[in-house]
Novice: 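Sharing a structure with you now.
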Amino acid sequence: MNSKPVSTSVSTSAAKSGKSPVRKAVIPAAGLGTRFLPATKTIPKEMLPIVDKPTLLLVVEEVARAGFEDVVLIQGRGKTAIEDFFDVSYELEEKLEREGKTDWLSSLKNIRNSINVISIRQKRALGLGHAIWTARPVIGDEPFAVLLGDEIMINKESETPVIGQLAQRFASTGLSTVAMMKVPDSDTHKYGIVAGDPVASEAGIEVLRVRDVVEKPSTGTAPSNWALPGRYVFDAEILRELADAKPGKNGEIQLTDAMQSIAKQKGMLASTFVGRRYDAGDKLGYLQANIELALERDDLRVDLTRYLKSLAGRL
Ligand code: UTP
């Protein structure tokens, strides 16, 4: 076990210059989405709407708000809907401009103006680790962020987005840093789980130096209750680990196996975060995200609240 102390203060030259060393983000969105069949037979689950925005747009907005320069979308077969969504749609956009209906367009334009959207094809869904590895021609030798395309993180405008929080910790420590959250014993089998030793933490944020990473442990065998909710910042070394990776659990190239090697060799941190998280790749999580985010909208709050109250009275 690596027992080097972890500094929580800014120490790398990149951090001193105020420029984040993490400029690129990868969003894997090439899974088969079997939990959402039949809808996902033709529609990628990352394009299913939360109220009226595709989940993936919420994830890309998080990347853009964190100030990254490039976002790499990993798409699978039949997933041109993703590429088309971020592309310009002249006829529609010109009509909306003419009619002054530019609310949703401005978010998309903001993204196009602030970040390069790059698409890469994962030819076969061989696992999350493999999906990330396909981004190597764009990532090269740089540290990079990973955001799962079906996990939503919501922050207040005044707060740093979750992926930005991890990038800041990477900048100050030089160590790969992943998000973690507490789950009950009954849920550990649904997640990658990390266990480790607590290190200095501040402002209600808990940080571990990771010792073990286990993919979806069977019930009763999890080494902790710290689950991985799909936000990571990695040293480029992880791509070399993935290049040599053998299929793990379920015959897939597992990201968690590569993370275990990085944790042992270079060290890795896991950190709690400020923000709300929804698992939009799970049916219940998807419904919760729709209801809660709709309740935050001025155009829906009053009517939806009235409806939910009347529904609760009938249950
Ligand atoms: P999931 O395991 O949640 O996605 O992967 P899945 O396999 O599509 O889901 P189900 O269980 O069959 O419903 C987490 C993220 O990683 C991507 C998925 O698209 C999702 O956003 N992923 C997964 C890939 O890009 N490629 C893969 O080979 C596997």
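All ligand and atom numbering here is 1-based and tracks the order in the structure. In this chain, residues are counted from 1 in sequence order.
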Novice: Under a 4.0 angstrom heavy-atom cut-off, which atoms of ligand 1 come close to T34?
Specialist: 10 (P), 11 (O), 12 (O), 13 (O)
Novice: Using distance alone, determine whether K216 and ligand 1 share an N or O pair under 3.5 Å.
Specialist: no
Novice: Could you list the atoms of ligand 1 found under 4.0 angstrom from a heavy atom of E46?
Specialist: 18 (C), 19 (O), 20 (C), 21 (O)
Novice: Centre-to-centre under 6.0 Å for F36 and Y286, is that the case here?
Specialist: yes
Novice: Looking at I152 and I154, what are the two nearest heavy atoms and their distance?
Specialist: CG2-CD1, 3.6 Å
Novice: For E99, I'd like to know if atom CD has over 12 heavy atoms of other residues, nucleotides or ligands within 6.0 Å.
Specialist: yes
Novice: Quick test of your reading of the structure: of G129, G31, G127, whose heavy atom lies closest to atom 24 (C) of ligand 1?
Specialist: G31
Novice: According to the interplanar angle, ranging from 0 to 90°, do the rings of F234 and Y232 count as parallel (below 30°), tilted (30 to 60°) or perpendicular (above 60°)?
Specialist: parallel
Novice: For atom 2 (O) of ligand 1, state which one of R124, Q75, R35 supplies the nearest heavy atom.
Specialist: R35
Novice: Under 4.0 Å from a heavy atom of Q122: give me the atoms of ligand 1 that qualify, with their elements.
Specialist: 24 (C), 25 (O), 26 (N), 27 (C), 28 (O)
Novice: Which ligand 1 atoms are under 4.0 Å away from a heavy-atom of L126?
Specialist: 28 (O)
Novice: Any luck finding a side-chain donor-acceptor pair between T134 and Q122 under 3.5 Å?
Specialist: no
